[in-house]
Protein chains: 2
Amino acid sequence: MPKKKKSTIKDIAEALGVSKSLVSFVLNGKAKEKRVSDGMAEKVLDMAKTMNYKVNYMAKSLRTGKSQTIALIIADISNPFFAKFARFLENEASKHNYKVIIANSDEKKEKFKAEIDLLRNRQVDGFILTPPIGSEKELLDLKNQKIPFVVVDRSFESVESHTVIINNYKAGYSATERLIKNNRKNIAILNVNNQLVTMQQRVEGFQDALTKNGLIVNQALIKQLQFSHDKDLIKEAIEEILTAGADGLLFTTGKLTVLGLECLKELGARIPEDISVISFDDMDAYRIAYTPISAVVQPLEDMSREAIKTLVDQIEGGQGNDPFRKIMLDVNFIYRESCI
Amino acid sequence: MPKKKKSTIKDIAEALGVSKSLVSFVLNGKAKEKRVSDGMAEKVLDMAKTMNYKVNYMAKSLRTGKSQTIALIIADISNPFFAKFARFLENEASKHNYKVIIANSDEKKEKFKAEIDLLRNRQVDGFILTPPIGSEKELLDLKNQKIPFVVVDRSFESVESHTVIINNYKAGYSATERLIKNNRKNIAILNVNNQLVTMQQRVEGFQDALTKNGLIVNQALIKQLQFSHDKDLIKEAIEEILTAGADGLLFTTGKLTVLGLECLKELGARIPEDISVISFDDMDAYRIAYTPISAVVQPLEDMSREAIKTLVDQIEGGQGNDPFRKIMLDVNFIYRESCI
DNA sequence: CCTTTGTGCTAAATCGTTTTAGCAAAGTAA
DNA sequence: TTACTTTGCTAAAACGATTTAGCACAAAGG
């Protein structure tokens with residue numbers, strides 16, 4: 001049984017009778033640049049392998065100030081939308097040799113701030129953020145202190161930053177048109193987080209689709225909720241739109257939809273006979289729902305790739321004085337029985 | 001605009017004209033123990049606050065060998081079961097001042113090993129693992145090298161270790177009895193990962209429930225699948241059990257169930273009229289499924305708490321020569337229309 | 001008065017890297 | 001020959017903390 005004591009650069013240096021610097025140069029691929037002879041470079045590499053050398057990231061980070069770790073702060077990893085995104089993000093991050101630490105804000109700006117502070121202590125190199133309402137100040141702080149970050153899924157008008165979002169307006173517009181093509185005239189929308197520009201844009205797309213198609217916008221059919229997890233509030237809202245004669249419904253988040261579908265059933269509304277439905281975010285649940293639900297599918301993999309690329313460029317690239325990248329991606333649609 | 005330069009212990013020491021050691025003692029709560037005068041301790045704390053001092057974890061870790069970070073290696077964070085678990089785990093970890101890095105193995109032992117190696121380089125203090133089939137060697141390595149870890153959701157007979165699992169036998173037994181009480185005589189089970197003891201136990205519980213209730217065990221109704229993500233295979237298996245006259249079905253994982261429900265629908269089997277269904281793991285999807293599905297609910301929060309506690313005790317506690325803790329928790333049940 | 005004990009603090013080593021500055025030997029150019 | 005360049009390497013400082021050993025002084029005990 002080989003008693004693997006963990007070896008350090010110093011061990012390798014001593015074993016070969018050379019200096020630590022030499023070993024470090026070689027191990028970091030700077031052999032050529034630092035004019036280490038080919039023979040010596042090879043010897044170092046061999047010795048590193050036989051001694052089972054593994055770099056100590058703590059030491060490396062302390063010296064370089066880079067931890068090769070990025071933080072992802074989302075509302076809640078147990079929300080499948082974020083979980084899927086997190087998975088793609090980790091894949092992309094690992095391609096660039098970064099690890100991801102996930103933190104949950106629960107859409108509360110205090111938790112959001114607390115997590116940022118905590119993670120900064122741990123010297124993460126940058127952040128991927130879905131900032132809750134009212135967290136402009138935290139973003140400004142990061143900007144002022146030149147900490148690399150990318151905002152995804154949302155955007156703030158008052159704080160310019162690197163952003164990766166979908167075309168929410170267009171997505172809302174297209175989803176609504178689908179319901180219109182279903183011959184629906186009284187289409188409702190159920191929305192949350194309406195202080196977020198991105199969520200507003202979904203509603204704007206919805207409204208414009210109506211007017212452009214000669215339908216009137218009935219304010220009684222536009223419902224703004226405070227939370228997406230309060231079933232009673234959702235039920236109330238749905239009851240109201242049903243009473244107002246809704247025959248079509250656009251949910252703006254997946255979480256809202258899952259609870260909303262429960263409510264619709266409880267209220268005896270049949271899908272799609274009584275009301276056609278389409279939802280943002282594709283959930284597994286939609287495939288086995290009592291009526292399979294159509295969905296606006298966000299390109300999570302592309303979003304992850306762009307987010308990581310933008311972040312890594314900031315971290316490893318220049319001064320971070322590049323113009324802000326505002327990446328906007330198009331969504332896809334999956335049509336199921338809920339709006340045939 | 002306050003130009004917050006990040007301050008170090010040295011800065012505080014110089015500002016007060018004392019030594020770094022003194023400052024370190026105070027900031028680590030060792031003032032009393034190290035006989036620092038009360039007045040001085042207070043001065044240090046005040047200065048730390050006004051200078052906005054934040055500990056540098058890299059430096060601390062390098063010196064102490066502890067990173068206050070633990071690794072969670074699961075099959076896939078985008079699987080809601082693991083995502084929920086991850087969320088609870090992070091909550092528990094943060095109570096002990098640990099951050100969690102999540103890695104995905106996709107149930108492949110090579111990826112599992114690769115992630116362990118990667119994370120060990122990063123000096124994580126310990127691991128929470130759901131080891132894939134065939135990863136005994138990796139667990140043994142960790143044991144030999146005295147790296148703290150806890151196995152959750154599964155267990156290996158050949159490698160003794162700290163473990164947190166549910167009582168799989170009992171859960172399988174009870175779930176099956178529920179179907180029997182539904183007057184079902186030809187109950188089937190769909191299983192995956194049958195090389196895992198924990199999964200075998202679910203099947204054993206199933207079988208014993210049948211025999212104890214005077215039913216015969218029909219091997220044609222016991223289906224072992226290789227993967228949980230291959231819909232064609234699942235469909236084939238379900239077709240076979242339907243042909244064999246199944247009127248009850250127990251799914252052993254949530255992922256299996258979601259695909260399985262799609263198949264059942266496609267095959268025209270009505271739930272619960274033609275076949276009663278119950279599933280391990282409660283998914284959001286079950287509440288809005290075409291027939292709401294009953295579920296075996298694992299106590300994820302309790303499991304997280306026990307896992308973190310066990311791990312932290314190893315890390316911070318003694319030599320790690322304590323006897324292995326084998327924690328087994330009971331499950332809960334949620335009954336919905338799929339087996340009334 | 002001398003010795004012991006206790007109090008309050010500090011200097012310096014250490015963790016494992018990276019990186020700057022520079023040295024000695026060999027090669028090249030005049 | 002002299003002077004510059006290139007090649008191949010090293011010594012030592014630094015990153016920011018923790019921790020060990022010990023110093024100086026005061027108080028206490030005989």
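Predicted, not measured: the structure shown is a model, and the values here were computed from it. Below, chain A is the first sequence line, B the second, and so on; all start at residue 1.
Side-chain contact between Gln123(B) and Asn56(A) is present, with heavy atoms from C-beta onward closer than 4.5 Å. A heavy-atom distance below 4.5 Å is found between the side chains of Leu196(B) and Phe156(B). Within the 4.5 Å cutoff, the side chain of Met47(B) has no heavy atoms near those of the Val44(B) side chain. Between Ile102(A) and Glu90(A), the closest side-chain pair of non-hydrogen atoms falls below 4.5 Å. For the pair Leu139(B) and Pro131(B), the minimum side-chain heavy-atom distance is below 4.5 Å.
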Dump the pairs, protein N or O against N or O of nucleotides 11-14 of chain C, anything under 3.5 Å, distances to one decimal.
from    : atom 1 : to       : atom 2 : distance (Å)
dA11(C) : N7     : Ser21(B) : OG     : 3.4
dA11(C) : N6     : Ser21(B) : OG     : 2.8
dT14(C) : O2     : Arg63(B) : NH1    : 2.6

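Applying the 4.0 Å criterion to OP1 and OP2 of dT19(C), one finds that Lys30(A) has a side-chain N or O inside that range. Taking only side-chain nitrogens and oxygens, Lys6(A) never comes nearer than 4.0 Å to OP1 or OP2 of dG16(C). At the phosphate of dT18(D), OP1 or OP2 sits under 4.0 Å from a side-chain N or O atom of Lys60(B).
Across the protein-nucleic acid pair, Lys10(A) atom NZ and dT10(D) atom C1' stand 16 Å apart, rounded to whole Å. Across the protein-nucleic acid pair, Lys66(A) atom NZ and dG16(C) atom P stand 23 Å apart, rounded to whole Å. The distance between atom CZ of Arg35(A) and atom C1' of dA21(C), rounded to the nearest whole Å, is 12 Å. For the pair Asn28(B) CG and dT19(D) P, the computed distance is 7 Å after rounding to whole Å. dT10(D) atom P lies 14 Å from atom CD1 of Ile12(A), rounded to whole Å. The NZ-P distance, from Lys54(A) to dG16(C), rounds to 16 Å in whole Å. Distance, Glu33(A) CD to dC9(D) P: 16 Å, rounded to whole Å. Tyr57(A) places its OH atom 18 Å from the C1' atom of dC15(C), with the value rounded to the nearest Å.
Each of dC9(D), dA17(D), dG16(C) was ranked by its minimum atom distance to the side chain of Leu62(A); first place goes to dG16(C). Taking only side-chain atoms of Asn56(A), from C-beta outward, the nucleotide of dT19(C), dG16(C), dT20(C) with the closest atom is dG16(C).
Met40(A) comes within 4.0 angstrom of the backbone, heavy atoms only, and of no base. Among the protein residues, Gly17(B) comes within range of the sugar-phosphate backbone only, with heavy atoms under 4.0 Å from sugar or phosphate atoms but none that close to a base. Using a 4.0 Å heavy-atom criterion, one finds that Ser24(B) contacts the bases of the nucleic acid, with or without backbone contacts as well.
When each of Tyr53(B) and Ser37(A) is assigned the nucleotide of DNA chain D bearing its nearest heavy atom, the one mapping closer to the 5' terminus is Ser37(A). When the nearest nucleotides of DNA chain C are assigned to Thr64(B) and Asp38(B) by heavy-atom distance, the more 5′-ward of the two goes with Asp38(B).
A donor-acceptor contact shorter than 3.5 Å links the side chain of Asn104(B) to the backbone of Ile77(B). With Lys143(B) contributing its side chain and Glu160(B) its backbone, the two residues share a donor-acceptor pair below 3.5 Å.
With Val150(B) as reference, Leu311(B) is the one residue of Leu311(B), Val312(B), Ile327(B) to meet the side chain to side chain contact (heavy atoms under 4.5 Å, CB included) rule.
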